[in-house]
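Because the structure is a prediction, the values reported are computed rather than measured.
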Amino acid sequence: MKMKKSNLFCLLVFCCATHFANAQVSTVTMQAKCGDKFEGEFRVQHEQQEIKIPLGAGDILELSIVPLGDYLKIRYQLCDPSGALLVDDYNGMFGNDKKSLEINTGVLSANGAYTIKIRNDSAYNSNDTMVGVYTVYVKCTKRNGQVIEPE
């Protein structure tokens with residue numbers, strides 16, 4: 001059976017569009033503040049979640065992300081208020097035996113909302129992704145020396 005070139009082209013376009021649509025990342029955005037402790041959950045594969053935290057110039061952020069269970073792995077990026085990438089832990093928890101992510105900034109230079117982008121997929125293997133629950137702990141040392149810890 002012969003297939004017309006136009007039908008073959010349409011089939012090829014449909015297959016590629018389906019592949020790329022399935023590879024898209026959904027994004028969930030959460031607001032947090034110094035001293036917060038809260039749970040998050042990845043409900044789908046290839047999900048990106050953003051945690052926005054207002055901070056001031058001179059502040060220091062210490063953030064812990066602890067997955068529940070043995071299978072959820074997370075990687076992250078930290079962006080300043082302008083969106084510039086400060087830390088790119090592209091490998092995250094993939095390929096190592098860390099149980100949690102620890103994000104410790106130096107002294108921050110700008111006022112505004114800093115964004116932590118976390119993902120539940122591997123940079124190396126698109127099939128290496130899991131759903132699951134994690135806990136976030138936000139500790140800050142303010143410019144004046146005040147330490148705000150999660151309760």
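Counting all heavy atoms, side chain and backbone alike, C34 lies closest to L55 at SG-CD2, 3.7 Å. The two residues S109 and A57 have their closest heavy-atom pair at O-CB, 3.5 Å. Residue A32 comes nearest to P54 through the heavy atom pair O-CD, 3.2 Å, listed as atom of the first residue, atom of the second, then distance.
The side chain to side chain donor-acceptor pair (under 3.5 Å) analysis of residues 61-70, with sequence neighbours excluded, yields the pairs S64-E102. For residues 132-150, the side chain to side chain donor-acceptor pair (under 3.5 Å) pairs, not counting sequence neighbours, are Q49-Y134, D59-K142.
The structure places CD1 of I116 at 9.0 Å from SG of C79, a figure rounded to the nearest 0.5 Å. In this structure, E50 CD and Y76 OH are separated by 15.5 Å, a value rounded to the nearest 0.5 Å. Between atom CD of residue Q77 and atom CD1 of residue I118 there is a gap of 12.0 Å, rounded to the nearest 0.5 Å. For the atom pair I103 CD1 and I53 CD1, the distance stands at 8.0 Å (nearest 0.5 Å). To the nearest 0.5 Å, atom CG of residue D89 and atom CD1 of residue I74 are 11.0 Å apart. Taking CG of L63 as the start and CG of D36 as the end, the distance is 10.0 Å to the nearest 0.5 Å.
Distance alone, capped at 3.5 Å, is enough to place a donor-acceptor pair between the N120 side chain and the M130 backbone.
T29 is listed as a side-chain neighbour of K52, based on a closest heavy-atom distance under 4.5 Å. In this structure the side chain of R119 never reaches within 4.5 angstrom of the side chain of F42, judged on heavy atoms.
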- Task: Apply side chain to side chain contact (heavy atoms under 4.5 Å, CB included) to the pair V131 and L72, showing each step before the final yes or no.
- Result: CA-CA 6 Å; V131 295; L72 178 61; over 6 Å; no
- What's the verdict on side chain to side chain contact (heavy atoms under 4.5 Å, CB included) for T105 and L86, showing C-alpha distance, side-chain angles and the deciding distance? CA-CA 9 Å; T105 68; L86 296 178; 5.8 Å; no
- Under the side chain to side chain contact (heavy atoms under 4.5 Å, CB included) criterion, do L78 and T115 qualify, and how do the steps go? CA-CA 6 Å; L78 172 64; T115 304; over 6 Å; no
- List the steps and the verdict of side chain to side chain contact (heavy atoms under 4.5 Å, CB included) for V147 and C140. CA-CA 6 Å; V147 177; C140 302; over 6 Å; no
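There is no side-chain donor-acceptor pair under 3.5 Å between E47 and Q45.
In the hydrophobic clustering of ILVMFWY residues, with side-chain heavy atoms under 4.5 Å counting as a link, I51 and V87 come out together. Under the 4.5 Å side-chain contact rule for hydrophobic residues, F38 and L61 share a cluster. Put simply, L68 and V138 are part of two different groups of oily side chains (I, L, V, M, F, W, Y) that touch within less than 4.5 Å, one to the next.
Using a 4.5 Å cut-off between side-chain heavy atoms of Ile, Leu, Val, Met, Phe, Trp and Tyr, V107 falls into a hydrophobic cluster with I60.
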